[in-house]
Amino acid sequence: MMSMRRKILCVLLVIMTALAVAACGGDNSQDSSQNAFEAFTEVQKNMEDVRDAEFKMAMDMTTDAAGEDDEVTMKMSGTGKEILKSKSDIEMEMNYNMTMPGLESGLKGTMYMQDQIVYMDMMGQKFKMDASNEIAAAMNMDTSQLLDISEDMISDITMSEDGSDTVYNIKMDGNKALDYLEKNAGNVQGMAGATEALKFNKMDVVVVAGEDGMVKTIDMDCAMSSGSGEEAMDVTYQISMEYLGINTDLKIDFPDFSDYQELTV
């Protein structure tokens, strides 16, 4: 049976992936790729003004390692709040529900971030990690970074209308997708070295923006591989994020953290 420590590490790594690295519109294609990117750039600029956001997200991840008979599937869903006091000072609350091998009945928990410290209440255990920890570093980001996609990362982009919403379908260049990953998770120890062994076979992103030019949903569909021979592993994951509210003067009711114990990862 998976040990408590290993379960905790698996949960943290899946959440890290979801945060570091989540609808399709009508049929009327508009304008050229250049005009579509220019319009998408305006959406990116609008999201730079996010002060606080409430969202819900879901992720499905499947790994298929060489020499293994069965695929390993992990699923996670949750709701979250984040308050951007500054780019380096982010408060967060996230409630999540996760299933994975050995945890098919589901695992629920709550994660907080305050004053550069991550707190987790999970399986009756309470842990905390300071900002020097690689998991805490991964948490120290805002969800608007999911939209930090530069033009050179895109192999194709189209724009269409769905009622009053605008839908952007983006296909990212496999090589440049690594740049995107490093940009969003570069503050995690060892991430730069880890990406050297990765190859993205697919990274498709669908962004739906409302009439106000702010993002309503983000969906990502990704496939990547790592290593070769006996060490080869294929990973596919789908991430979806829906913004429930932006700039609504959110407040987070933090619990008393005095009984949270230090966790070394």
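Position 1 is the first residue of the sequence; numbering continues from there. Quick caveat: nothing in here was measured; it's all calculated off a predicted structure.
A donor-acceptor pair is defined here as one N or O able to donate and one able to accept, closer than 3.5 Å; such a pair exists between the side chain of D212 and the backbone of M214. With hydrogens and angles ignored, the 3.5 Å screen pairs no side-chain donor or acceptor of D173 with any backbone N or O of S155.
Checked by atom type, the side-chain pair T110/N95 shows a donor-acceptor distance below 3.5 Å. A donor and an acceptor atom, one from each side chain of D221 and Q238, are located under 3.5 Å apart.
At least one side-chain heavy atom of D52 sits under 4.5 Å from a side-chain heavy atom of T248. The shortest distance between side-chain heavy atoms of V207 and V167 does not fall below 4.5 Å. Looking at heavy atoms from C-beta onward, V205 lies in side-chain contact with M172 at the 4.5 angstrom threshold. Considering only heavy atoms from C-beta on, V235 comes within 4.5 Å of M61 through its side chain. Using a 4.5 Å cut-off on side-chain heavy atoms (C-beta onward), D121 and Y260 make contact. At a threshold of 4.5 Å between non-hydrogen side-chain atoms, the residues I154 and I149 count as touching. Side chains of V43 and Y168 form a contact here, defined as non-hydrogen atoms less than 4.5 Å apart. At a threshold of 4.5 Å between non-hydrogen side-chain atoms, the residues Y237 and D60 do not count as touching.
The cluster map of Ile, Leu, Val, Met, Phe, Trp and Tyr, joined by side-chain heavy atoms under 4.5 Å apart, puts V50 and L244 in different clusters. Cluster annotation: Y119 is connected to F254 through the hydrophobic network of ILVMFWY side chains, with a link wherever side-chain heavy atoms come within less than 4.5 Å.
Separation of atoms OG (S225) and CG (N201) is listed at 4.5 Å; rounding is to 0.5 Å. Between the CG atom of D165 and the OG1 atom of T217 there is a distance of 8.0 Å, given to the nearest 0.5 Å. For the atom pair E242 CD and T79 OG1, the distance stands at 11.5 Å (nearest 0.5 Å). Distance check: M94 CE to K81 NZ gives 14.0 Å after rounding to the nearest 0.5 Å. Atom CG of residue D115 and atom CE of residue M113 lie 9.0 Å apart, to the nearest 0.5 angstrom. Here CD1 of I83 is found 10.5 Å from CG of D89. Values are rounded to the nearest 0.5 Å.
Closest approach of D219 and S240 over heavy atoms only: OD1-CB, 3.1 Å. The nearest pair of heavy atoms linking E262 to M129 is OE2-CA, 4.1 Å. Of all non-hydrogen atoms in E82 and L250, the two that sit nearest each other are O-CD1, 4.2 Å. The two residues A223 and T236 come nearest to each other via the heavy atoms CB-CG2, 3.9 Å.
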Are Y96 and M120 close enough, and set up right, to give a side-chain contact (heavy atoms from CB on, under 4.5 Å), and what steps lead you there?
CA-CA 11 Å; Y96 61 87; M120 292 195 71; 3.0 Å; yes
Begin from the C-alpha positions of M111 and V118 and carry the test side-chain contact (heavy atoms from CB on, under 4.5 Å) through to its verdict.
CA-CA 7 Å; M111 177 183 290; V118 172; 3.9 Å; yes
Does the pair D249 and R51 meet the rule for a side-chain contact (heavy atoms from CB on, under 4.5 Å), with working shown?
CA-CA 8 Å; D249 295 323; R51 303 183 307 274; 4.3 Å; yes
Decide yes or no on side-chain contact (heavy atoms from CB on, under 4.5 Å) for F55 and M57, but give the supporting numbers first.
CA-CA 7 Å; F55 59 89; M57 61 86 64; 4.3 Å; yes
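Here the two rings, on Y112 and F257, have centers that are under 6.0 Å apart.
With Y243 as reference, M47 is the one residue of E54, M47, K56 to meet the side-chain contact (heavy atoms from CB on, under 4.5 Å) rule.
A salt bridge links K85 with E91; the closest basic N to acidic carboxylate O contact falls under 4.0 Å.
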